[in-house]
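Every chain is numbered from 1 and lettered A, B, ... according to where its sequence line falls, protein lines coming before strand lines.
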Amino acid sequence: MPESARNENERPERYNPAQIEPKWQARWDADPALYAAEGHDSTRKKFYCLEMLPYPSGKLHMGHVRNYSIGDALARFMWMRGFNVLHPMGWDAFGLPAENAALKNNTPPREWTLANIAAMRRQMRRMGFSYDWATEVTTCLPEYYRWNQWFFLKMYERGLAFRKKSKVNWCPECQTVLANEQVIDGRCWRHEDTIVEQRDLTQWFFRITQYADELLDGLDTMDGWPEKVRTMQRNWIGRSEGTLVDFTVANQPAEKITVFTTRVDTIFGATSVQLAPEHPIARSLAAGDEKLAAEIEKMIAQQKAAREAGDVGAIEKHGVDTGRFAVNPYNGEQVPIWVANYILADYGTGAIMSVPAHDERDFEFAQKYGIPVKRVIVPSSRAHTLPELPYTVEEDSMLSGSGQWSGKTCDEAQREMAAFAKANGFGSATVTYRLKDWGVSRQRYWGTPIPMVYCERGHVAAEGVPALEPGGVVPVAESTLPVVLPEKIEITQEGGSPLGKVPEFLNTTCPVCGGPARRETDTMDTFVDSSWYFYRYIDAKNGAAPFASDKAKYWFPIDQYIGGVEHAILHLIYSRFWTKVMRDLGMIANNEPAARLFTQGMVIKDGAKMSKSKGNVVSPDDMIARYGADATRMYALFAAPPDRDLDWQEDGVAGISRFLARVHRLATKYSERARQEINQSGSPSSAPRSVIEEKLLRVLHQTIAKITEDFSGRWHFNTSIAAVMILVNEVAAAEAAMDSQDVSSAAIAEIFRGLTLLLAPFAPFLAQELWAELGHEGAVFRAQWPEANADLARESEIEIPVQVNGKLVVVIKVPAGSDEAAVKGAALADAKIRARIEGKTVVKVIVVPGKLVNLVVK
RNA sequence: GCCCGGAUGGCGAAACUGGCAGACGCAGCGGACUUAAAAUCCGCAGACCCGAAAGGGUUGUGGGGGUUCAAGUCCCCCUCCGGGCACCA
């Protein structure tokens, strides 16, 4: 850091962040090494502090400010604790808004995006966030997205990227396909009012389901992640163990209906088979039965309507008997086949066996239609009366009326019956997931081109990789990456991929035969970009690989990841998947991307999330202009604990600003004495300390202890900041004593030095200003974090509340460390206590040393 | 319906392992400084009641019960708010 900031001419009388903050920002910006980490060969312990990268909308919002203020405080603290800190930032820069902006303003997406990035980077610097800009990652640049393409090729080689025709979610507004994760209650995640349609398209997928079990099991060991996020991911993966059982259609043994059940032990109680209306057999049974066919069409329409309304659960259960029968392979019994509107075509097999006696929903359905109810599960313990139906208990229950399995426990029966099905060729144990493979194709322009071509002669890449359809699917040669997104392009509102209209892009040659070929015109889901960006930070300029493995081995896993809970499933599950794929590619050694995850609460104003439509948005720029960056970020930490929602109140920012002004006034006033003390460089005075000096040092060291603990534990920075305020209040109250010689210059130097260091993670600009003002060299956040001195922090006398029958009567003072007898004696000697217990019997005296005394009297 | 959070002054909140409820801050009120205001500094402040005051009493952490010398904190039941999942067989 250059010379001290002290200059009599420019030093303001009053706290003026508009003067202090840009000054230090300029100095920090001029020295890129300040925020840079040492290399992966550093002997220092590393700390990878990561905040979720923003979409470059062009403006920081308060949610960003909060997220980054938390991360920045932590990064600065860890620096001060001597760690080798990596604290990077980047831009999730592909995506639809750039195309919309292009349509609206006739600005090319790239230009619009890069301008937004420049604006936001400026804001971040103005906020004083300590990012190492040398490692900046921008996902829309070919230097980055070529590695998306590279990964795509690697995944294709391993069968993890594949093409299939499937029903896809289509947002008419975005004019593109959405992943399941992007459909919320039947609506587009970006367009709450737009109902998602289903279309049949051939799409690229990543086989995330191959990792379903590992993604699920890993959650159990991830104790650095919030339980809430882990639960959400567990639900999302939705693993369900069960059995597949083939029923045959009576008189048509070639027609099989495979049902999925988690309760195969109840199969002797099955009294019907229920098909989803979309089920192929439902359709084939309806052939020639117009009434049935019409019913089925009605149900499909109804399901669609409910899906669109986002209220699937509200439809009344309803079904229609096909008049046909299915044969239960366990007992040969024939049961009617129904088609029902509550059976989902896309879960399990789209067909179930209905066991009304032991399933609540089946019971309800059977009651409605008069389908028989057959009890086959009973409690193991001999109860005199049988439990009411439906009886769904598995534990301590056993089978009855179930042939050779009668008398077995449900658990045993499930295992044995699945094995029996397998042995007899009519079923098997299986696992189903709610998680589906990740559809990554998007019919959009502003994204990573998928590096595949379609050979017109039908060539295929290699043996064993069959063409899925006429026109061979051939991966682009790795050496020719990146497939560059063309810049000259006309963006229109019509459907289909815009890249299909660019002949220079579309027409290419087949990498195998050199013949004519056309490129894949879809681009990748932007969640691909954000699934691995944090690996790129460690080696952002690497032109030969996404990153060097030895660097990843040093820096990973991320020590602390911080972001919004809204990414609990999408981004965070894809990132975990990507990490496992990279591990299997031999690129990294870690199984999970982040050791610890923190999800901060939302920023609320007037009881609602800040949003343009509600008109309650507070602009960080306005806050900076009025109160400064320090006050803005410190308020974001002070107003609520970081994991809770934060209610933005501008008066509160003003309060923080006043507090900072107080600190500034006091520190400036005593800086001369502090500087002299440093310049003397002698050992601290051994003169006995005054009572007030002792008290100031005591509070200082208590505050150091508390804040140090807050950082390593609960992260309740609101109370950390409150503790600094208490310290400052104490200092202000001691002003007279400091002005006289009741407080030594050595103590003054120590107090203001400590205060400044404590403030450094929260209000970095002011802390830096005072650091220089107090005569210290260098960057304050590279100075050593103060050590709490337990001796100085110790209270000599403590207050003990004394209760009579649990009610507070008086607070007495006793020397710290007094034993039980002494405390009890002092309590009983107190005049007020004596008056209170006079004439009564003391039944019991409870003494909690250091805490309180409670006299139980009668 | 299931699973997580949460409910404490006028407001944001604190009380980490059961031990002085309301730290710290905002807003408010009173005072000092000022011709005045702003800024700053000092003080008051959960509610209710008694008292001229000093002080004293009662009550109080969404509601009801319980455990305990002692409950915002633990147990049981209930209400409301926020979030997630959901005809998942």
Using the P atom as the reference point in each nucleotide, state the distance between B:G62 and B:U8 in Å, no decimals.
-> 6 Å

Tabulated below should be each protein N or O lying under 3.5 Å from an N or O of nucleotides 4-11 of chain B; please produce it.
unit_1, atom_1, unit_2, atom_2, d
B:C11, O2', A:Q649, NE2, 2.7

Side chains of A:D213 and A:Y433, donor plus acceptor under 3.5 Å = yes

In whole angstrom, give the distance that lies between atom OH of A:Y433 and atom C1' of B:A89.
-> 17 Å

A:E795 and A:Q702 side chains, donor-acceptor separation under 3.5 Å = yes

N/O to N/O distances under 3.5 Å, protein versus nucleotides 37-48 of chain B:
unit_1, atom_1, unit_2, atom_2, d
B:C41, OP1, A:R662, NE, 3.2

Roughly how far, to the nearest 0.5 Å, is OG1 of A:T322 from CD1 of A:I296?
-> 8.5 Å

Polar side chain donor-acceptor pair, A:S402 to A:Y330, under 3.5 angstrom | no

Presence of A:Y347 side-chain N/O under 4.0 Å of B:A89 phosphate oxygens OP1/OP2 = yes

Qualifying residues under salt bridge (charged side-chain N to carboxylate O under 4.0 Å, His left out), relative to A:D739, sequence neighbours excluded = A:K669

Which whole-number value in Å describes the distance from A:E709 CD to B:A14 C1'?
-> 15 Å

Do the rings of A:H358 and A:Y391 sit parallel, tilted or perpendicular, given the 30° and 60° boundaries?
-> perpendicular

Locate the shortest heavy-atom distance separating A:V618 from A:M623; write the atom from each residue and the value.
-> CG1-CE, 3.5 Å

Counterpart residues, ring pair (Phe, Tyr, Trp, His ring centres under 6.0 Å), relative to A:W648 (two or more places apart) | A:Y635

Could you give the distance separating B:A23 and B:A15 at their P atoms, to the nearest angstrom?
-> 12 Å

Residue of the set A:Y15, A:F659, A:Y670 for which ring-ring contact (aromatic ring centres under 6.0 Å, His included) holds with A:H664 | A:Y15

Rounded to whole angstrom units, what separation is found between the NZ atom of A:K851 and the C1' atom of B:C16?
-> 10 Å

Closest to the 5' end of RNA chain B, once A:N235 and A:D645 are matched to their nearest nucleotides, is A:D645

Residue pairs, two or more places apart or on separate chains, that pass side chain to side chain donor-acceptor pair (under 3.5 Å) and touch residues 804-824 of chain A | none

For B:C48, the Watson-Crick or wobble counterpart (both distances under 3.5 Å) = B:G57

Report yes or no: do A:R576 and A:Q233 form a side-chain donor-acceptor pair below 3.5 Å?
-> yes

Give me, pair by pair, the N or O atoms of the protein and of nucleotides 66-73 of chain B that are less than 3.5 Å apart, along with how far apart they are.
unit_1, atom_1, unit_2, atom_2, d
B:C69, O2', A:N854, ND2, 3.2
B:C69, O2, A:N854, ND2, 2.6

Nearest-nucleotide check on RNA chain B, A:N729 vs A:V811; residue mapping nearer the 5' end is A:V811

Taken to the nearest whole Å, CG/A:D346 to P/B:A89 is 13 Å

